[in-house]
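Just so it is clear: chains get the letters A, B, ... in the order the sequence lines come, proteins before strands, and each one is counted from 1.
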Protein chains: 2
Amino acid sequence: MISDLLPGAGAGTRPARGVPDATVARLPLYHEALGRLFDGHVEVVSSTALAEAAGVSPSQLRKDLSCLGTYGTRGVGYDVTRLQRQIATHIGAASEWPVVIVGVGHLGTALANYAGFAARGFRVVALVDPSPALVGTTVTGLVVTDLTELEAVVRNAGAVIAVVATPADAAQAVTDRLVYQGVTSILNFASTALVVPEGVNVRKVDLGQELAILAFHEQRKIEEIAHP
Amino acid sequence: MISDLLPGAGAGTRPARGVPDATVARLPLYHEALGRLFDGHVEVVSSTALAEAAGVSPSQLRKDLSCLGTYGTRGVGYDVTRLQRQIATHIGAASEWPVVIVGVGHLGTALANYAGFAARGFRVVALVDPSPALVGTTVTGLVVTDLTELEAVVRNAGAVIAVVATPADAAQAVTDRLVYQGVTSILNFASTALVVPEGVNVRKVDLGQELAILAFHEQRKIEEIAHP
DNA sequence: ATGTGTGAAGAGCTTCACAGCA
DNA sequence: TGCTGTGAAGCTCTTCACACAT
């Protein structure tokens, strides 16, 4: 969550350098919203329309897009096709990213089956798990590989992005091995703060935590009713 | 993600009012870290130690805890048991929250099985899905209920927290029905921005988006090597 | 001495308002 | 006239430094 600091190194001549982290987090949103609008045969879209589709404010959208050095046409709007390609390039969705998933429990299986990955240019190339009951079985057309072969799998796939969906106590060890093999981006579903060297990005998704945050707000609502 | 604004209504006399949103997001982290330390029979913990376990800076931890009106002992540290109870109360983990999951695909199933929920005081009380193939089957000891009975299920359970794990095009309709039945907190896994009335909190977890953000950073690393 | 609690400084993100271009 | 692009204001969160309790 905090994970990536990325100082931002004073704006260079080229765009794309020094894009705020918050903006990066929204780019996929815009990319997807554009996909929806494109199906409707829209060729030009205003910041207002696209912002609504993405669920953000128009000014925020404009500021975000301006960071990419994107040129809309003043008085008209943005060319959907061109903008979509722009974002796709920056986002890295233009190329195909091989992804390795470690941990094939319920969550790992769900992720392997998740259609949203393929739609965004990710290809799950390997599933890794230590359980003898799972190794060798097929999940979504992929044979589950034993954890001992993790290094070989990552190397062969040339993967730099990995998903850690193991129990919390195994997560750090797996991460260390992934990083050692050249993985520099990790999506962490284990409820532990992973320690990684500089230059490696970790994004943590803690489902229990998300619910806990909601519960906190509920708790507050209750208290507010009790003591107005 | 942006979802909750919650103005923060000028600090009241009691604590717990006007807790920054960012702090709320970290409380579950601390709660869990405390759980780990408590197993090790630690009775007092310093901000430095707890901060490291939670993966944040010591000053941030202190500031966060001070928001709760928590009193550690100067020169000593925080009493683990007391602090854990404090956070649990604020977080709402003290009570048990019934949760309804709508959409029993791979993801919904994974969530139903997710141990982290129970550990944090959530109890999945119902699984709802429209598919005739699923309705009536048992998942994790729960019988899947038909989508047409959504209203009854929510009412009977008295649930105010729900998880939407449906395809994107069904998400809004389901949400409307949930909100109408009194649900005020929604964890959204569908890749759509849900529209909800004031007072309803939505947290969005978009797995594809998380990966996309990582890919962006990877893309940037590549470009940095190409143009130093 | 040691480590919490906290005001103040600093950084980052969002919103606003309007200049500038089609 | 209409909508983008952007400097500046405003706000929230984070970090720093140090007073203060034990």
Which residue lies more 5' along DNA chain C, comparing B:Ser59 with B:Val76 via nearest heavy atoms:
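Its nucleotide being nearer the 5' end, the pick is B:Val76.
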Any donor-acceptor pair under 3.5 Å from B:Trp97 side chain to B:Gly92 backbone
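Between the backbone of B:Gly92 and the side chain of B:Trp97 there is a qualifying donor-acceptor contact (under 3.5 Å).
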Check whether B:Arg62 reaches the backbone of B:Ser47 with its side chain - one donor and one acceptor, N or O, closer than 3.5 Å.
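Side chain of B:Arg62 to backbone of B:Ser47: no pair is present.
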Whole angstroms only, please: what is the [atom1]-[atom2] distance between [X] and [N]?
X: B:Leu65; N: D:dT14; atom1: CG; atom2: P; value: 13 Å
X: A:Leu61; N: D:dT6; atom1: CG; atom2: C1'; value: 14 Å
X: A:Tyr30; N: D:dT4; atom1: OH; atom2: P; value: 13 Å
X: B:Arg26; N: D:dT12; atom1: CZ; atom2: C1'; value: 12 Å
X: A:Arg62; N: C:dC16; atom1: CZ; atom2: C1'; value: 10 Å
X: A:Arg74; N: C:dA22; atom1: CZ; atom2: C1'; value: 10 Å
X: A:Lys63; N: C:dC13; atom1: NZ; atom2: P; value: 12 Å
X: B:Leu50; N: C:dG3; atom1: CG; atom2: P; value: 14 Å

For the residue pair B:Asp64 / B:Gln60, report whether a side-chain donor-acceptor contact shorter than 3.5 Å exists.
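No.
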Say whether B:Glu32 and A:Ser191, considering side chains only, have a donor N or O and an acceptor N or O under 3.5 Å apart.
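Note: B:Glu32 and A:Ser191 side chains meet the donor-acceptor criterion.
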Closest approach to the side chain of [X], judged atom by atom: which nucleotide of [options] is it?
X: A:Pro20; options: C:dT15, C:dC13, C:dG7; result: C:dC13
X: A:Ser66; options: C:dC13, D:dT6, D:dT4; result: D:dT6
X: B:Ser47; options: D:dT22, C:dA8, C:dT4; result: C:dT4
X: A:Asp21; options: C:dT4, C:dC13, D:dA8; result: C:dC13
X: A:Ser57; options: D:dA17, D:dT22, C:dT15; result: C:dT15

With side chains defined as the heavy atoms from C-beta onward, is the minimum distance between B:Asp79 and B:Thr73 less than 4.5 Å?
no
So, is A:Tyr71 near the phosphate of D:dT6, with a side-chain N or O under 4.0 Å from OP1 or OP2?
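Result: no.
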D:dC13 phosphate, OP1 or OP2, under 4.0 Å from B:Gln60 side-chain N/O
no
